[in-house]
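Single-structure report; data block below.
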Amino acid sequence: MVKLQLSIKADLENVTDLAPSTDDFEFFFKVKCNSCHEVHPKDVSMNRLEEREMSSGKKNTAHFVWRCSNCKRESSAKFEAIPPHLYTAESNGNFAPLVTLDCRGLEFTNFDPKGIWKCKGTESGTVFTDVDLSEREWTDYDEKAAQPVGVMKIESEWSRAP
């Protein structure tokens with residue numbers, strides 16, 4: 001079992017506390033088999049609420065269960081029980097942890113932030129619940145603070161979790 005940590009980096013403009021908007025947020029990843037090193041050609045998705053049974057017959061479950069099409073080996077991944085970390089204004093422009101996954105027989109090699117996120121205005125505390133990062137950036141206007149807000153240049157990296 002390997003624990004992998006997904007970290008994100010973004011340029012935040014007048015917002016803080018960027019995070020997936022709901023507990024059932026779909027995370028989209030590229031996956032690679034650790035046995036034959038085959039990379040799945042399409043993004044795969046998983047969320048923190050749905051668990052699938054593994055074929056081991058021991059009633060084991062994971063958030064993601066995958067059988068490599070090349071070597072036929074079954075692999076799995078499971079989110080840690082803690083919720084995703086908030087990406088705050090203090091981390092602006094630097095990588096900060098988002099989620100950690102326990103991976104067995106696979107590793108994730110990419111993250112696509114598409115989907116709906118949430119954040120709040122740094123000055124006004126206005127909560128923005130419809131932050132669509134499908135295009136890897138989002139802009140809006142904070143009426144209370146009378147200033148533009150945005151999330152730009154979102155990047156990700158995978159590393160071994162501490």
Ignoring hydrogens and geometry, is there a side-chain-to-backbone donor-acceptor pair from S21 to I116 under 3.5 Å?
yes
According to a hydrophobic-cluster definition based on side-chain heavy atoms being under 4.5 Å apart (Ile, Leu, Val, Met, Phe, Trp, Tyr only), do L6 and V44 belong together?
yes
Okay, side chain of Y87, backbone of A19: is any donor-acceptor separation there less than 3.5 Å?
no
Quick test of your reading of the model: are E80 and K3 salt-bridged, counting only N-O distances below 4.0 Å?
yes
Which atom pair, heavy atoms only, marks the closest approach of R73 to S35?
NH1-OG, 2.7 Å
At their closest point, which heavy atom of E50 faces which heavy atom of H63, and how far apart are they?
O-CD2, 3.3 Å
Test R67 against every option in S55, C33, S75 by the side-chain contact (heavy atoms from CB on, under 4.5 Å) rule and name the one that passes.
S55
Please lay out, stage by stage, how R48 and D24 fare under the test side chain to side chain contact (heavy atoms under 4.5 Å, CB included).
CA-CA 6 Å; R48 298 175 43 79; D24 66 347; over 6 Å; no
Provide the closest heavy-atom pair for S76 versus M54 in the form atom of the first, atom of the second, distance.
OG-CE, 3.5 Å
With under 30° as parallel and over 60° as perpendicular, where do the rings of F108 and F29 fit, or are they tilted in between?
tilted
Run the salt-bridge test on K144 and E123 with the 4.0 Å N-O cut-off and return the result as yes or no.
no
same_hphob_cluster(L4, F25) at 4.5 Å side-chain heavy-atom cutoff
yes
Taking all heavy atoms of F27 and all of P84, pick out the closest pair and write down the distance.
CZ-CG, 4.4 Å
N/O donor-acceptor pair under 3.5 Å between N92 side chain and L12 backbone:
yes
Taking all heavy atoms of C119 and all of T16, pick out the closest pair and write down the distance.
CB-O, 3.4 Å
Okay, side chain of N14, backbone of P148: is any donor-acceptor separation there less than 3.5 Å?
yes
